Amino acid sequence: MAKFRTRWRLSILLVLLPNCLAPGPPAAPSLPDCSIPCDEINNCADIHCSWDARPDPQITTNYSLHWKTADREEGHVITGPSFSGIIQREHFSHGELCVWVQAKNQHGSAKSQEAVFDTANIMKPPPPTVRLSHKDSLEIDWISTCDELHLSLGNCDVRHRTETNPVWNEVKERIHGYTLDNPKPNTVYEFQVRCSCVTGLPSDWSAINRIRSKETAPVGELDVWRDCGISQASSDCFLTWKKLPTSQACGLILGYEVTLSHNNGTAVLVNMSTAEPRGLLLCDEMQCHSTLSLKDVSSVSVSAYNARGATVPSYLAMPIPGKEKDEQSIHLVMNEEHLNVSWDLPSQLLDNLKEYVLQYKQAGSPPCQGFDWVKVNKSQRTGYFKGNYTKYTPFQVSLFTVSHSSKVHHQSSVIGYSLQGTPPSVPSFKVFSIAATHVYLFWESVPLAKQKGMILYYQVVVDSGVNGQNVYNVSASSQHESETFKLLHLSPGQEYEVRIRAVTAAGPGENATAKFKTKHHEDFALIIAIVVGILFVVVICVLLAFCSASRGENKVCPLVPPFFYDKVPDARNSHIFRHMKHQTNDPWAWICIPIYEPHPKISLLEVVEIQPWAFKSSLEKTTNTDRLTRPVVGDGCLQMDHHDNQREEAVTEECHRTDHRYRREEYSKMVDSDEDREEEEKREDCWSSIEEEQSTFGYEKHFMPTAFELLEV
């Protein structure tokens with residue numbers, strides 16, 4: 001019913017509309033504006049009139065200019081569709097004149113109001129000739145044409161504006177000249193002048209005359225920031241700043257001075273000329289950026305200079321790595337022309353906060369392109385950008401805080417799109433680590449510049465052809481370049497097809513497909529692994545039992561790791577054991593070592609009397625007769641060397657002489673005389689020196705008692 005009523009109303013409007021818009025007579029023209037130009041062409045003769053009208057584009061309208069004198073003499077001229085007309089000098093007489101305009105078309109006519117004037121008062125002199133000059137101020141003067149008309153000069157009007165300003169500033173009733181005080185430095189000004197004689201109309205405005213004011217030193221500071229792309233690593237950043245406006249440049253900017261302060265305390269000053277940038281400086285209409293590396297740079301300062309001076313250096317501290325915050329969430333409202341940003345209050349109020357810096361960066365764009373920033377008062381929570389934001393293109397919006405001590409902290413970042421689309425297929429989709437009941441999926445994340453929208457998740461579809469399909473939604477992580485996902489609960493020996501696609505707010509993208517087949521006999525492999533483990537444990541237990549039995553015989557098998565028994569000094573390093581031929585019937589003696597005992601006992605001490613004639617041979621043979629002191633520790637056994645180590649230590653000639661000269665006698669021999677006692681003591685000293693020399697080996701010195709110590713017991 002509603003549709004029927006709507007159509008009915010539209011039909012009535014279509015019937016009535018032609019009658020409402022039916023053509024009629026033209027509208028009345030405006031009051032005509034008439035003058036007698038006194039230029040070289042007209043020479044103060046004809047009357048030129050003009051008017052305004054509202055012509056109908058569908059109906060042709062003709063205009064006619066009418067006039068009459070005071071004696072009622074009428075005249076007219078047909079001008080056609082134009083909005084101006086000329087009354088020739090021969091068609092009127094000087095004095096009072098009445099002029100009007102009439103419009104006429106095929107449906108009727110209309111008449112304007114009448115303009116009454118004296119022809120002597122509508123004479124218009126030509127524009128004056130303007131001359132410009134400037135020192136600290138701008139001065140202009142002009143030459144009037146009233147003298148050429150033999151008329152006295154009346155008043156003149158002056159108007160001026162800057163080159164970029166469409167609005168004129170007008171100064172009236174001037175006679176001889178005009179001075180503009182305190183002009184903006186290095187600014188182009190435009191001037192026009194018109195004059196009137198004592199009688200008549202003012203002239204037309206003169207041609208526009210332009211003059212540039214003098215240069216002064218630039219004022220203000222540069223707005224300096226850095227473009228780090230999507231990341232915030234200082235080594236990937238480029239220093240950038242906005243050009244000074246003309247009002248602050250105060251002249252032609254010749255270059256920029258950049259000071260880089262490094263973390264090691266050094267500072268480097270770089271002069272970048274706009275005339276010869278040498279690849280260090282790149283500028284467009286609004287911004288400039290330097291190609292200098294900011295790696296290991298703690299702060300920078302930049303100033304602009306012209307022929308008269310330089311600006312105050314603008315200081316910028318690099319954010320301290322690892323101290324960025326992420327407290328404030330950012331909200332975006334974005335279309336292709338506008339970007340509105342708002343953010344929440346911080347969890348803790350920043351007393352030292354100076355201002356906010358809000359920036360956006362187009363993902364994948366070159367340095368300092370698709371990039372802009374704005375500084376916001378600390379009391380505000382909103383920011384605004386106007387630009388051209390391409391649809392399906394990601395823009396990263398970041399918020400920074402700047403303290404009064406010039407420290408910069410990154411607060412938060414967010415990705416926004418003017419319009420989102422479906423993403424492309426994921427690259428490098430693979431299946432690996434295929435087992436009987438599970439596999440791993442691997443794929444690379446879609447690069448941010450190619451996503452066409454914010455990826456919400458990845459959709460994985462597994463199709464076996466037998467058990468149907470299983471769908472998994474894997475959350476997307478923008479912080480990783482690759483993703484992995486483990487597929488569980490698969491059937492052994494089964495063929496599968498798996499598909500994956502990225503999903504944005506605009507919908508899912510293209511599929512990437514892979515096929516695989518799970519393995520067989522995974523349980524059998526598990527059983528084999530368990531059996532091998534059990535056998536290994538049994539072998540270890542057998543070895544431990546065997547060695548335990550060996551310990552019962554005071555022996556340890558060296559096949560067992562050393563941590564199963566106490567670490568004791570190896571007696572085979574002893575000089576005594578090297579010269580001892582120990583014979584035993586124990587078949588395991590070759591793998592046994594003496595067992596450590598906390599308090600070993602010396603079970604046997606044998607003292608042998610050395611006959612004088614056998615002393616020398618006892619020094620040369622160490623196999624059977626060198627048994628002065630031979631302690632045996634416990635009941636252990638030691639494998640002896642196949643070849644006896646021969647004693648190679650030399651004995652002093654004096655001792656040999658003493659031994660040959662004096663034979664060692666039995667301990668029971670009595671020594672009566674002093675001479676005999678001295679000879680006996682000399683012989684004993686030599687014998688003691690030999691015994692001590694024989695016991696100075698490292699092992700005996702550290703662990704075994706010497707023969708002399710045994711004799712004293």
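The chain is numbered in sequence order, starting from 1. Computed from a prediction, not measured in an experiment: that's the story for all the values here.
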Hey, what do you get for [atom1] ([X]) to [atom2] ([Y]), rounding to the nearest 0.5 Å?
X	Y	atom1	atom2	answer
Thr164	Glu190	OG1	CD	9.0 Å
Ser299	Asn263	OG	CG	9.0 Å
Leu487	Leu441	CG	CG	4.0 Å
Tyr356	Gln380	OH	CD	10.5 Å
Gln420	Ile455	CD	CD1	10.0 Å
Lys515	Glu495	NZ	CD	8.5 Å

Does [X] reach the side chain of [Y], with side-chain heavy atoms less than 4.5 Å apart?
X	Y	result
Met286	Lys243	no
Met272	Val258	yes
Arg501	Asn511	yes
Leu244	Pro218	yes

I need the minimum non-hydrogen distance between [X] and [Y], along with the two atoms involved.
X	Y	result
Leu448	Pro394	O-CG, 3.2 Å
Val188	Arg210	CG1-CB, 4.1 Å
Thr246	Asn186	CG2-O, 3.9 Å
Ala506	Gly421	CB-C, 3.5 Å
Ser406	Ala317	O-CB, 3.2 Å
Thr393	Phe395	O-CD1, 3.3 Å

Electrostatic pair Lys386-Asp372, nearest N-O below 4.0 angstrom: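 No.
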Whether Phe371 and Trp373 hold their rings parallel, tilted or perpendicular, with breakpoints at 30° and 60°: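 It falls in the tilted class, 30° to 60°.
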Mutual orientation of the aromatic rings belonging to Phe238 and His289 [parallel < 30°, tilted 30-60°, perpendicular > 60°]: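 Perpendicular, since the angle between the ring planes exceeds 60°.
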Atom [atom1] of residue position [X] - does it have more than 12 heavy atoms of other residues, nucleotides or ligands inside 6.0 Å?
X	atom1	answer
Phe432	CZ	yes
His489	NE2	no
Tyr384	OH	yes
Glu444	CD	yes
Lys184	NZ	no

Taking [X] for the side chain and [Y] for the main chain, is one N or O donor matched with an acceptor at less than 3.5 Å?
X	Y	result
Ser261	Val300	no
Asp227	Cys368	yes
Tyr440	Ser433	no
Thr518	Gln494	yes
Lys452	Leu419	no
Ser213	Thr187	yes
Arg161	Pro166	yes
Thr484	Phe442	no
Tyr496	Ser491	yes
Arg308	Tyr305	no

Residues His331, Asp344; criterion side chain to side chain contact (heavy atoms under 4.5 Å, CB included); working and verdict: CA-CA 9 Å; His331 312 282; Asp344 299 333; 3.2 Å; yes
From CA spacing to verdict: side chain to side chain contact (heavy atoms under 4.5 Å, CB included), Asn306, Leu252: CA-CA 6 Å; Asn306 61 12; Leu252 179 63; 5.7 Å; no
Output field: ring centroids Tyr389/Tyr360 closer than 6.0 Å: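 Yes, the ring of Tyr389 comes within the 6.0 Å limit of the ring of Tyr360, centre to centre.
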Phe400 ring center near Trp225 ring center (under 6.0 Å):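 Between Phe400 and Trp225, the centre distance is under 6.0 Å.
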With Ser379 via side chain to side chain contact (heavy atoms under 4.5 Å, CB included) - residues at least two apart: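 Listed in chain order: Asn377.
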Thr266 and Asn264: side chain donor to acceptor below 3.5 Å: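 Short answer, yes.
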Qualifying residue for side chain to side chain donor-acceptor pair (under 3.5 Å) with Thr401, from His409, Lys407, Gln411, Glu355: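 Of the listed residues His409, Lys407, Gln411, Glu355, the side chain to side chain donor-acceptor pair (under 3.5 Å) partner of Thr401 is Gln411.
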Residue pair Thr311, Glu221: steps toward the side chain to side chain contact (heavy atoms under 4.5 Å, CB included) verdict: CA-CA 6 Å; Thr311 61; Glu221 296 183 12; 5.9 Å; no
Step-by-step side chain to side chain contact (heavy atoms under 4.5 Å, CB included) determination, Val376 to Trp343: CA-CA 12 Å; Val376 183; Trp343 56 91; 4.2 Å; yes
